[in-house]
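In what follows, a single structure is set out as structure tokens and then discussed.
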Amino acid sequence: MEKRIGKKEKWLALLCSAMVLICLLIGCGLRIDKPGQSDNDTAEKKDSDSLAAENYITVGFSQLGAESDWRSANTESMLGTFTKENGYDLEYKNGQQKQSNQITAIRMFIQQEVDYILLAPATEDGWDSVLGEAREAGIPVILVDRMVNTSDKNLYSCWVGSDFELESKKVTAWIKAYTESKNIDPADLHIVNIQGSIGSTAQLGRSRGLANAARDNGWDLMAEVSGDFTETKAREVMEALLKRFDNINVVYCENDNEAIGAISALESAGKKVGSDIANGEIMVVSFDGVNEKALAYAREGKIACIAECNPLHGPRVEALIEAIERGETPDKFNYVDEKIYSYIDDISQITVDDVTYDVEKP
Ligand code: GZL
């Protein structure tokens with residue numbers, strides 16, 4: 001006998017079908033409002049998301065490039081500081097050594113209406129127009145590392161970086177102290193300068209410091225040629241200088257990557273790199289103290305002296321932003337304290353502008 005399906009069974013079947021349908025709909029991503037949940041709740045969640053986004057300080061960072069270990073360490077410090085966890089929404093653009101790329105990036109940051117623009121300028125000239133646009137847009141600009149050359153200091157809020165001429169004065173004071181301790185006649189110092197990127201603040205300061213010291217001490221500064229802060233270019237420049245001069249005994253490199261390139265060229269040419277100038281060695285000095293190979297060369301005495309140039313500007317820039325956020329006006333120029341390094345024990349201290357610095361081992 002066919003079993004009749006009663007009302008109860010029908011309702012049960014209907015209920016099961018409905019449950020299956022609901023499960024299928026949820027599985028398809030269709031949101032089924034919980035009882036009491038209204039569109040307003042959804043809107044509130046969206047608002048809270050956007051509110052959270054609004055709580056970030058938005059920062060546009062235009063980095064000049066990736067030419068050296070110093071630059072990589074500087075970029076790492078900046079990107080490691082301006083994170084969501086720290087309350088920042090960072091837009092990062094690398095200029096690949098081209099000012100035009102940096103100007104494009106700044107204009108993009110202005111369009112995005114960021115809260116702050118951070119600029120590590122490749123060279124000093126040519127920024128007035130785009131920094132004027134940032135000021136028009138009411139966006140504070142903080143300069144990092146190198147400086148811009150402008151008569152209108154109100155185009156940027158503040159700057160943090162190194163005193164590059166002081167770095168040079170430390171290195172040249174060390175050269176003077178060391179060579180005098182070895183009774184080497186200043187006129188017997190035949191120096192070549194492998195410069196950094198021409199027009200950059202670091203190059204201008206380090207080249208000026210050497211030129212002034214050579215003039216004041218009677219050293220023979222024979223040539224200044226840019227190695228663009230890179231190992232490859234510095235090697236080429238050193239090879240060319242060895243063809244021009246047969247009496248080079250001091251190679252002044254404006255960063256560690258250049259010193260590595262120069263040493264490669266010197267040793268390939270059969271030269272002995274070291275501080276014993278009186279016995280024909282060629283002394284190399286440098287700047288930064290970031291590159292591990294350069295520090296190893298310093299330990300070996302192949303790099304006689306390195307002026308520290310500290311790249312870790314991320315926390316320093318953040319402190320400036322925090323001050324501005326508190327309504328304070330930070331100092332316009334914020335210089336980093338830096339050391340001087342050597343593994344040659346003859347000189348334990350140097351004095352520059354009446355300040356005495358211990359010569360340290362990095
Ligand atoms: C110095 C910085 C220089 C470094 C180089 O603050 O601008 O640029 O000394 C780098 O290594 O390329």
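In each ligand, atom 1 is the first atom listed, and ligand 1 is the first ligand listed. In this text, all values refer to a predicted model and were calculated from it rather than measured experimentally. Note: hydrogens, waters and symmetry copies are ignored here, and every other heavy atom, side chains too, is used.
Shortest non-hydrogen contact noted between Met147 and Pro121 is O-CG, 3.8 Å.
There is a side-chain donor-acceptor pair under 3.5 Å between Gln63 and Asn74. Between the side chains of Thr58 and Asp115, at least one donor-acceptor pair of N or O atoms lies under 3.5 Å.
Ligand 1 is surrounded by Glu67, Ser68, Trp70, Arg71, Asp145, Arg146, Phe164, Ala202, Arg206, Phe229, Asn255, Asp288, Cys309, each with at least one heavy atom closer than 4.0 Å.
Note that CG of Asn291 and OG of Ser68 are 9.0 Å apart. Values are rounded to the nearest 0.5 Å.
Electrostatic pairing of Lys182 and Asp346 counts as a salt bridge here, judged by a charged N lying under 4.0 Å from a carboxylate O. Electrostatic pairing of Arg146 and Glu124 does not count as a salt bridge here, judged by no charged N lying under 4.0 Å from a carboxylate O.
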